[in-house]
Amino acid sequence: MPVAVHWFRKALRLHDNPALAKAVAACSAPNSSLLPVYTLDPHFVKNSHIGTNRWLFFLESLQDVDRSLSESGSKLLVLRGEPMTLFSTLFDTLIANGETVSLYFEADTSPYARNRDAAMLELCASKNIAVHTFNSHTLFNPSDVIKVNGGITPIVYQSFLKVITEKMPAIQPATPTLTQVPPLSDEMKALLTYTETFGFDAFQVPSMEDIGKAVPGENLVSTHKGGEREALKRLEEYMKQKDLVCKFQKPETNPAAFQPASTTILSPYLKMGSLSARTFYHELMKVYRASKIGYTKPPVSLLGQLYWREFYYTAGYGTPNFDKMLGNPICKQIPWRTDEQSNVDLEKWATGQTGFPWIDAIMIQLKQEGWIHHLARHSVACFLTRGDLYISWERGAKVFEKLLIDADWSLNTGNWLWLSASAFFHQYFRVYGPVSFPKKYAPESVKYVRKYIPALKNFPEKYLFEPWKCPIADQKKAGCIIGKDYPKPMCDHDAVSKVNIGKMKVAYDEGKVASPPKAPKGKKRPLDED
DNA sequence: GTAATGGTTGCTAAC
DNA sequence: GGTTAGCAACCATTA
């Protein structure tokens, strides 16, 4: 009897999920079964690069999928272990029971996933299992974009925009939402109850404790809730604000705004696939089309934000060693600090102990809530790298990867490359000031710093972003002594940023000398054949 | 080959 | 308060 196995990885949703829809459609024959599977890979579970909030958000997303499946009498099978081993066992069990197995999943372009999925295709081929994959995580398939661009990966946004608007086919309508999926029979449940084999109930979405993760204190648990329901609710709520949607300009939004934030906070849902980028796109188009006041355009518009995601996905796909400096052909080679003190400085930055309230408030919000505004990311990334500490963007990216609930390999890497002036952006002499920048966003930035750094709650506004300049009498009055209740600044920004600009210039000049001769015209940055 | 142009989001002082 | 030049001057693309 036919069994269509749907492998959930991203795309933790029932709306616009082509792979799941096809798997469901394949179950129309009598006695056929849909088996929804998720594999908790030790590559992700055991590594420390996923923080508590990211785990919580993920498990909530998984629970929401299981809840939706359960409403139709189905159930998510959550297997824990190395995917190839698990699927091998699963397939053997099904085949031994006389089933004809087929596998459905959404394609994933990140390096680890590409290797994993290639191995999976081999495994399936060896067992005569038909595999069906679908591109639905992004609006455009990165390899298609590169192909229509003559094998060249666009590394300038405007070039990318030209390619997708002029050379790519129109974005297809979303796949209809699955309101009903085939129920899972008791026989199938009994067959796949691995409790004895693995020591856990695989038909139960695990808790934090189950996967060996501690739940932290209340103040460190993100207020952002995961799941498809929450994603669609947020999308709907945001799209109701038609003026805001049509007038959206990213650089004009306020990084210090909270309750509500000045942007959509849909990124964590897009990352998990709790929200389909295509659904977002079509809902946005509806608002644009109905608008009488016109609407903003990429790169600053809301559509422009969706396209940035596409841009970085494509760059990440087409660039070797994208997440590293060494061996990355588009990355400026910069001798970032690696001395002992840089470890101490990195830690101060990561834990919000720099002595610059704006920087520290951002890093504290990041740790507590798992999300910070894009321009806040700019501020702290510039501070860590070319602005102040001269520490590698790779080390900063790892901290973000752990703490951000929307941590997405392509986007996180791309933005760090940008901010450190290693790729995409090269005006390294434009440095964000840890004091001057937040002043532009008063009074929200004042409230923001007071919220995330309670020690500065009563500190005079005049000195809030540079508290070391505050007269000691006023420090006493505010109940916050700098150097005791809140750290002294870890560096002199004005002096050190000037020195760093000089170092960047040297690194850029040396890069020019060291760079190999340019490839013939039209053959630049060709994509390696798969 | 060279010059001009534009690049989502800097800061400061001067008008 | 809003706009502009200077800062010292980047890159990728296009004319």
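No hydrogens, no waters, no symmetry mates; every other heavy atom, side chains included, goes into these values. Every chain is numbered from 1 and lettered A, B, ... according to where its sequence line falls, protein lines coming before strand lines.
Cation-pi check for A/K297 over A/Y295 is met; the charged atom lies under 6.0 angstrom from the ring centroid and within 45 degrees of its normal.
One P atom belongs to C/dC7, the other to B/dA3, and the distance between them is 22 Å to the nearest Å. Look at the P atom in both C/dT4 and B/dG6: the space between them is 15 Å, to the nearest Å. Using P as the reference atom, B/dT5 and C/dA5 are 15 Å apart when rounded to the nearest Å. Straight-line distance between the P atoms of B/dT8 and C/dA8: roughly 25 Å, to the nearest whole Å.
When the C1' atom of C/dC10 is taken as reference, atom NZ of A/K332 falls 8 Å away, rounded to whole Å. In this entry the distance linking OH of A/Y295 with C1' of B/dT8 reads 18 Å, nearest Å. One can place CD1 of A/I501 at 9 Å from C1' of B/dG10, the figure rounded to the nearest angstrom. The nearest whole Å value for the distance from the CG atom in A/N415 to the C1' atom in B/dT8 is 11 Å. Rounded to whole Å, atom P of C/dC10 lies 5 Å from atom NZ of A/K512. Atom P of nucleotide B/dT8 and atom CG of A/L161 are separated by 10 Å, given to the nearest angstrom. Atom CZ in A/R377 sits about 14 Å away from atom C1' in B/dT9, given to the nearest Å. Rounded to an integer number of Å, the gap from A/L375 CG to B/dG10 P is 9 Å.
Each of B/dT8, B/dG10, C/dC11 was ranked by its minimum atom distance to the side chain of A/H426; first place goes to C/dC11. Out of B/dT9, B/dT12, C/dA12, the shortest distance to the side chain of A/P251 is found at B/dT9. Out of C/dC10, B/dT8, C/dA12, the shortest distance to the side chain of A/W418 is found at B/dT8. In this structure, of B/dT8, B/dT9, C/dA9, it is B/dT9 that holds the atom nearest to the side chain of A/H378.
The aromatic ring of A/W308 stacks onto the base of B/dT8, its centre lying under 5.5 Å from the centre of the six-membered base ring with the two planes under 30° apart.
As judged by a 4.0 angstrom heavy-atom cut-off over every strand, A/F437 is placed among residues touching the sugar-phosphate backbone only. Within 4.0 Å of A/G304, counting heavy atoms only, lies no atom of the nucleic acid at all. At the heavy-atom level, A/K440 lies under 4.0 Å from the strands shown only through sugar-phosphate atoms. Using a 4.0 Å heavy-atom criterion, one finds that A/Q305 contacts the bases of the nucleic acid, with or without backbone contacts as well. Residue contacts shown for A/V300 include a base, since a base heavy atom lies under 4.0 Å away. Nucleic acid contact for A/Y157: sugar-phosphate only, since backbone atoms but no base atoms lie under 4.0 Å from a heavy atom of the residue.
Residues A/Y508 and A/Y428 place their aromatic rings such that the two centres sit under 6.0 Å apart. Remark: aromatic rings of A/F356 and A/W468 are close, center separation under 6.0 Å. In this structure, A/F57 has its ring center at least 6.0 angstrom away from the ring center of A/H224. Two rings, from A/H137 and A/Y313, have their centers less than 6.0 Å apart. Between A/F44 and A/Y112, the ring center distance clears the sub-6.0 Å criterion.
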message: Could you go through A/R9 and A/D117, starting from their C-alpha distance and side-chain angles, then the distance that decides it, and tell me whether this counts as salt bridge (charged side-chain N to carboxylate O under 4.0 Å, His left out)?
response: CA-CA 11 Å; A/R9 303 101 63 82; A/D117 295 349; 2.7 Å; yes

field: Under the 3.5 Å Watson-Crick or G-U criterion, the dot-bracket string of DNA chain C, with | for inter-strand pairs
entry: .||||||..||||||

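Sequence neighbours left out, the pairs with a member in residues 357-367 of chain A that pass side chain to side chain donor-acceptor pair (under 3.5 Å) are A/T354-A/D360, A/W358-A/S379, A/D360-A/Y486, A/Q365-A/E369, A/Q365-A/Y448, A/Q365-A/Y452.
Contact annotation: A/Q158 reaches the phosphate of B/dT8 (side-chain N/O to OP1 or OP2, under 4.0 Å).
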